[in-house]
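Take a look at the structure below.
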Protein chains: 2
Amino acid sequence: MSTAVAETSTTTGLREGAFGNARALACRECSHQVALGPHYACPECFGPLEVAYDFPAVTREEIAAGPRNIWRYKALLPVPTDIEQSPNTEPGFTRLLKADNLGRTLGIDNLWVKDDSTNPTNSFKDRVVACALSAARELGATVFACPSTGNLANAVAAAGARAGIKTVVFIPSNLEQPKQVNSAVYTENLVAVDGNYDDVNRLASEIAGEEEGWAFVNVNVRPFYAEGSKTLGFEIAEQLGWRLPDQIVIPVASGSQLTKVDKAFQELIELGLVEDKPYKVYGAQATGCSPVSVAFKDGVDAIRPVRPDTIAKSLAIGNPADGIYVLDICRRTGGAVEDITDDEVREGILLLARTEGIFTETAGGTTVGVLKKLVETGQLDPALETVVINTGMGLKTLDAVSGRVGPAATIAPSYDAFAATGI
Amino acid sequence: MSTAVAETSTTTGLREGAFGNARALACRECSHQVALGPHYACPECFGPLEVAYDFPAVTREEIAAGPRNIWRYKALLPVPTDIEQSPNTEPGFTRLLKADNLGRTLGIDNLWVKDDSTNPTNSFKDRVVACALSAARELGATVFACPSTGNLANAVAAAGARAGIKTVVFIPSNLEQPKQVNSAVYTENLVAVDGNYDDVNRLASEIAGEEEGWAFVNVNVRPFYAEGSKTLGFEIAEQLGWRLPDQIVIPVASGSQLTKVDKAFQELIELGLVEDKPYKVYGAQATGCSPVSVAFKDGVDAIRPVRPDTIAKSLAIGNPADGIYVLDICRRTGGAVEDITDDEVREGILLLARTEGIFTETAGGTTVGVLKKLVETGQLDPALETVVINTGMGLKTLDAVSGRVGPAATIAPSYDAFAATGI
């Protein structure tokens, strides 16, 4: 499978600096290193490969002088120094909003929302896809692809269109029609597969193994793709004035995002860009798909896969690849992993909308709801500076709240009718 | 009606610098000036009032040192110097994307898309609402309100929630349920009115006249509200490297946005922030609501109101308040006003999505479609630098394209089934 991208695109065929300051791919389990290329599993132990770097000195000033998107951190990503010149969606540098209303409601003194719903296709996936696109380009891929039911499909189809690369997106054929439109608008090559998401995923891996020149963002270029999530951590630190928060709450699907935000904080410390200080990382899941939360609470190291049953579809990964690393990080930093019911997810969506004017999708409702539960159960210190990440946008999961909200009154078009409402 | 905001909030009750460098409200028709306050019609001739300023010297460096949102231009807006300290949605500074794919398709050498779909509630309305919110606050308003069917309702409800001010949004009761949810998620006070949009609008004016302390963003604080659209012009110039484009294409609903972008360009020239140079302004309408385009083509000064019949609902204003000023500007600059059919609007949406990865709503489809028509009819010079504005997001008008796009194939979950598709 790791040879899916054309054979001419092995490390020796790469142009100088194709992956910036990245040095190799290193196994997260056994530390074995392989050359940069379309590989994602360790040839020694089958552990996940992750990008390793030789970082030069990087200054805050150099970063601040960069573009107002994720490429300001290009020195810390596996991308070439001229990455801004290649057509991409220019994601990132989204709002970090002081959330005093939400903080007051939850009893938290100093709360921020990192709002990734204002990315080009309205989720954090634009960040990771931009890094995957760069890798695909440098590896000489001719097709940019993914299996997905939602945010990832939108991000891949949009980025592929802008890059002018052939893009193929695989979805389960029973996906709701509006979500199909959401990706089909960007690409001619939307392929509906009769089966569930696992079937679609397996087909993607099969195609990656059979076809040459295909870059599946979350399969054979996954190590590069995943690095994109670090930019969430970089931005939070920079937007706080080059400082790490005391506590951060992050949704957990595969767990990749949480591990990469932690990696970002560690890299900033190593590079001297922020002061070294303790911070606690918290993971958020929906109870209907909470294998990591269950393992955390049980105090065990192994994640027991589950069959997802929750409205938080974008978090519904029953066998999360990075779950064990999430456990490590949350335990190491003194954080926690917590989960809430679907009703609490819906309440979380409304809470964020009505306090801060941010309409989040179910994943964000999960994160805000878990934040609330963490305070109520004494797991999170309300006196410490806290950041909560909103990863996506409510218009994509409108059904979650459509039964809950609506007009307060329906009136005739006259002042008297309005006055009678008491509003 | 102009006394709808509490009487204590007249100019004499204002705090020093409540409206920044704004000096007065000046009539666009007769130049009569009135004090800054909740007024929108000239007491002499009933012409529209517009904010007039005493600008200090403003440098590019001061602006560049400001926040990454519209408040970087606060010296040029009717807002106090501490505006960033008041909770708001922090809109603006959205992407200006080089659109080489779209340019190639249309035969335009040097094309940019200003993408306002990545604003907090996914349309340019967040800009104007942020300025209206500041005016409401400074005038001592206790209720923040609007009549709207879509983008404006979202922006007002979200900004009001974040500001912690009571917010009331009026919609026609027959509005599709998803669009109701879209605003109801932010506010408890969504009021459905049995009637069409004109009925809702009339009711809003009636309430503004009867109630004290209400700020209706597009009624009694409209002069302040409208100034927010200037930030689109400021950003385009700054993002081009402090340079005006040669040609710009802007959608026309009331016409306010187009006139304000022109005002922004003129102010930048007056302040010496950009070089004075000729530029052409083009207006875009849908044929089903094209009173300004009709007047332009007929060579007349008067706008004949129409009953809108188009899928471009956010442009469907049959009697556009600023239509005559749009005619003035497009004629003065050598531009034009053009219109396209609903089918061409749908094609415009797909064209932008498939070339640049931007999913726009019907208003953006109109603008892109008109751009295409302007080139084809020789009204726009394809050799000159051109900017097209995308004002909103496709998820809000999904129906417009849902019959047009979908899966290219539906297959069994096997490689052989995929290979047989020929994709």
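Values below: every heavy atom of this structure, side chains too, minus hydrogens, waters and symmetry copies. Lettering follows sequence order; numbering is per chain, from 1.
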Open item on the list: Just so I know, are the side chains of B:Phe144 and B:Val129 near enough to count as touching, which here means a heavy-atom distance under 4.5 Å?
Closed with: yes

Task: Residue part contacting chain B, namely of A:Leu190, when any heavy atom lies under 4.5 Å - done: both

Task: Between A:Thr187, A:Asn189, A:Ile358, A:Val168, the one whose heavy-atom pairs under 4.5 Å with chain B are most numerous - done: A:Thr187

TODO: State which residues pass side-chain contact (heavy atoms from CB on, under 4.5 Å) with B:Asn174; sequence neighbours excluded, sorted by chain then number.
DONE: B:Pro172

- [ ] Specify whether B:Phe359 and A:Tyr186 have parallel, tilted or perpendicular ring planes, treating 30° as the upper limit for parallel and 60° as the lower limit for perpendicular.
- [x] perpendicular

Open item on the list: Quick check on the interface: out of A:Val191, A:Val401, A:Val181, who has the most heavy-atom pairs with chain B under 4.5 Å?
Closed with: A:Val181

Open item on the list: Quick check on the interface: out of A:Ala155, A:Ala161, A:Pro87, who has the most heavy-atom pairs with chain B under 4.5 Å?
Closed with: A:Ala161

TODO: Side chain from CB out, backbone as N, CA, C, O: work out which of these in B:Glu90 comes under 4.5 Å of a heavy atom of chain A, or both, or neither.
DONE: both

- [ ] Specify whether B:Trp214 and B:Phe216 have parallel, tilted or perpendicular ring planes, treating 30° as the upper limit for parallel and 60° as the lower limit for perpendicular.
- [x] parallel

Open item on the list: Counting only non-hydrogen atoms closer than 4.5 Å, does B:Glu188 touch chain A with its backbone (N, CA, C, O), its side chain (CB onward), both, or neither?
Closed with: both

- [ ] Determine, step by step, whether B:Asn151 and B:Lys396 satisfy the side-chain hydrogen bond (donor to acceptor under 3.5 Å, both in side chains) criterion, reporting the C-alpha distance in whole Å, the side-chain angles of both residues, the deciding distance to 0.1 Å, and the verdict.
- [x] CA-CA 8 Å; B:Asn151 285 328; B:Lys396 296 193 186 182; 2.9 Å; yes

Open item on the list: Ignoring hydrogens, what is the shortest heavy-atom contact between A:Glu238 and A:Phe93? Give both atom names and the distance.
Closed with: OE1-CE1, 3.7 Å

Task: Any residue of residues 63-71 of chain A which, by heavy atoms, sits under 4.5 Å from chain B - done: A:Arg68

Open item on the list: I need the B:Leu133 CG to B:Asn88 CG distance, nearest 0.5 Å.
Closed with: 7.0 Å

Task: chain A interface, residue from B:Ala419, B:Ser402, B:Gly195, B:Ala163 that has the most non-hydrogen pairs under 4.5 Å - done: B:Ser402

Open item on the list: Within the structure provided, determine whether B:Ile207 and B:Glu211 are in side-chain contact (heavy-atom separation under 4.5 Å).
Closed with: yes

Task: Which portion of A:Tyr415 sits near chain B, non-hydrogen atoms under 4.5 angstrom - done: both

Task: For A:Thr89, all residues meeting side-chain contact (heavy atoms from CB on, under 4.5 Å), sequence neighbours excluded - done: A:Pro91, A:Pro120, A:Asp126, A:Ala159, B:Arg95

TODO: Select, from A:Ala99, A:Ser173, A:Gly164, A:Pro178, the one with the greatest count of heavy-atom pairs under 4.5 Å involving chain B.
DONE: A:Pro178

Open item on the list: For a side-chain contact (heavy atoms from CB on, under 4.5 Å) check, start with the C-alpha distance between B:Lys166 and B:Thr142, then their side-chain angles and the critical distance, and finish with the verdict.
Closed with: CA-CA 7 Å; B:Lys166 179 177 174 182; B:Thr142 53; over 6 Å; no

Task: Option in B:Thr94, B:Leu398, B:Thr118, B:Val185 with maximal non-hydrogen atom pairs under 4.5 Å from chain A - done: B:Val185

Task: Option in A:Asp100, A:Asn122, A:Asp115, A:Val143 with maximal non-hydrogen atom pairs under 4.5 Å from chain B - done: A:Asn122

Listed pairs under 3.5 Å, donor-acceptor, residues 406-414 of chain A side chains, sequence neighbours left out:
from     : atom 1 : to       : atom 2 : distance (Å)
A:Ser414 : OG     : A:Ala417 : N      : 3.1

TODO: Start with the C-alpha distance between B:Leu351 and B:Thr105, add both sets of side-chain angles, then the distance that settles side-chain contact (heavy atoms from CB on, under 4.5 Å), and finish with yes or no.
DONE: CA-CA 9 Å; B:Leu351 182 59; B:Thr105 305; 3.8 Å; yes

Task: Option in B:Ala158, B:Gly160, B:Ala157 with maximal non-hydrogen atom pairs under 4.5 Å from chain A - done: B:Ala158

